[in-house]
Participant: 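Provided herewith is a single structure, encoded as structure tokens, for subsequent inquiry.
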Amino acid sequence: MGADPGIETAGPRKAATTIRAVFLDVDGTYADYGVVPEGHVRAVQAARKAGHRVFLCTGRPVSMLPRAIRGAGFDGLVASAGAYVEVAGEVLVDRRFSAALAARTVAALDAHNAVYVLEAQESLHVPPAAEERLRAIIEEHFSKAPDGREVGASAILGSLVRVPDLAKVPFSKVSVFDSAAPMRQLVEEIGEGIAVVENSIADEGRHAGELFQRGISKADGVAAAIAHLGIPREDSIAVGDGENDLEMLAFAGIGVAIEGSSPELLALADHTAAPPHREGLVAAFEELGLI
């Protein structure tokens, strides 16, 4: 895979005493309903100009990261909750479900009439019979956004690709938006090799969450990126707000949790930051000496 035009390498940088590698979760951290505050864009650009390396570190696949999110310019990204890592256009990690695990996963979801998206870096796939239900769920969610509703929803709906046989689609993660069975039951039925985070943009009351390969987390992506760059672990900073950020904050030299995160995440954090609608990363970057 060649360099992604949405990921840019910064120009000449000022010398910095300590080069930090900063990893930003997207939803609820860097962006709000898919919309990035202008202050966050400026903070990322200023940090990179100062010599630091800044990455997106998200549960989303590359195909769900439009220019509206990547436009500030980044040194790379960790996508699909650690299953994919890219630095300056070079792909370091791209782990997909094995054929056997993929088949068991799709079979279990279909058995419970689930609304789900198979997430690959190059595209998103949904069962044809569930596409209308998926659109309704996503549009309902983004209708709550204060602005930028179409921008946020299009990151998901705009990347859908219809294929005749989902069994032949290579994917890195699955987002489940509605299932007749609880997520834990799905995990038991799928069997070895699968894990779950029970959070989603789907409303509470629906069985929803993210299914991913057991043993992979955002921390693995952070580790791969900093090893490639030669940046010590103690000079890494991770910022997040969700359950899939736990390992990342525990691994990084400095962990920052968004206000209102779960007690478990707040307990791991060294600092807290305000949410995106208050442009919390601006103050956080200043306090951490990044800008």
Participant: Quick check, are the ring centers of Phe74 and Tyr30 under 6.0 angstrom apart?
Facilitator: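 Aromatic pair counts; centres sit under 6.0 Å.
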Participant: Determine, step by step, whether Arg278 and Glu259 satisfy the salt bridge (Lys or Arg N to Asp or Glu O under 4.0 Å) criterion, reporting the C-alpha distance in whole Å, the side-chain angles of both residues, the deciding distance to 0.1 Å, and the verdict.
Facilitator: CA-CA 11 Å; Arg278 289 165 48 199; Glu259 294 172 4; 3.1 Å; yes
Participant: Between Asp75 and Phe55 (side chain of the first, backbone of the second, donor and acceptor by atom type, cut-off under 3.5 Å), is there such a pair?
Facilitator: no
Participant: Quick one: closest heavy-atom pair of Ile237 and Ala252, and the distance?
Facilitator: C-CB, 4.2 Å
Participant: Parallel, tilted or perpendicular, judged at 30° and 60°: which one describes the rings of Phe171 and Phe97?
Facilitator: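 Judged by the thresholds at 30° and 60°, the geometry between Phe171 and Phe97 is tilted.
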Participant: Please name the pair of heavy atoms, one in Ile226 and one in Ala21, separated by the smallest distance, quoted to 0.1 Å.
Facilitator: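 Where Ile226 meets Ala21 most closely, the heavy atoms are CG2-CB, 3.8 Å.
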Participant: Would you say the side chain of Ser217 lies within less than 4.5 Å of the side chain of Met248, judging by non-hydrogen atoms?
Facilitator: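 No, their side chains stay 4.5 Å or more apart.
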Participant: Report yes if the side chains of Val22 and Val44 come closer than 4.5 Å at any heavy-atom pair, otherwise no.
Facilitator: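 No, every pair of side-chain atoms sits at 4.5 Å or beyond.
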Participant: Which is it for Tyr116 and Val126 under the side-chain contact (heavy atoms from CB on, under 4.5 Å) test, yes or no, and what are the steps along the way?
Facilitator: CA-CA 6 Å; Tyr116 61 91; Val126 62; over 6 Å; no
Participant: Can you find a pair of side-chain heavy atoms, one from Val26 and one from Ile69, that are under 4.5 Å apart?
Facilitator: yes
Participant: What heavy-atom pair brings Asn244 and Gly59 nearest, and what distance separates the two atoms?
Facilitator: ND2-CA, 4.1 Å
Participant: Can a salt bridge be assigned to the pair Asp235 and Arg233 using a cut-off of 4.0 Å between side-chain N and carboxylate O?
Facilitator: no
Participant: Per the side-chain hydrogen bond (donor to acceptor under 3.5 Å, both in side chains) rule, which among Arg184, Arg104, His112 passes with Glu189?
Facilitator: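 Among Arg184, Arg104, His112, the one meeting side-chain hydrogen bond (donor to acceptor under 3.5 Å, both in side chains) with Glu189 is His112.
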Participant: Whether Glu131 and Arg135 form a salt bridge (side-chain N of Lys/Arg under 4.0 Å from carboxylate O of Asp/Glu) is what I want to check.
Facilitator: yes
Participant: Do the side chain of Ser262 and the main chain of Leu265 share a donor and acceptor less than 3.5 angstrom apart?
Facilitator: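 Yes.
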Participant: Shared ILVMFWY cluster between Phe251 and Val85, side chains joined below 4.5 angstrom?
Facilitator: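 Yes; tracing contacts between hydrophobic side chains, which count when under 4.5 Å, links both residues.
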Participant: Leu246 and Leu266: same hydrophobic cluster, using ILVMFWY side-chain contacts below 4.5 Å?
Facilitator: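 The answer is no; the residues belong to distinct hydrophobic clusters.
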Participant: Is there a side-chain contact between Ser179 and Val115 in this structure, where contact means two heavy atoms from C-beta onward sitting under 4.5 Å apart?
Facilitator: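 No, side chains not in contact.
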Participant: Out of Gln121, Glu210, Glu119, which residue meets the side-chain hydrogen bond (donor to acceptor under 3.5 Å, both in side chains) rule with Ser80?
Facilitator: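 The option that passes is Gln121.
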Participant: How close do Val93 and Ala83 get, counting heavy atoms only, and between which atoms?
Facilitator: CG1-O, 3.4 Å
Participant: Which heavy atom of Leu186 sits nearest to which heavy atom of Ala108, and what is that distance?
Facilitator: CD2-O, 3.8 Å
Participant: Applying salt bridge (Lys or Arg N to Asp or Glu O under 4.0 Å) to Asp94 and Arg96, what does each step give before you reach the verdict?
Facilitator: CA-CA 7 Å; Asp94 188 0; Arg96 312 284 177 116; 2.8 Å; yes
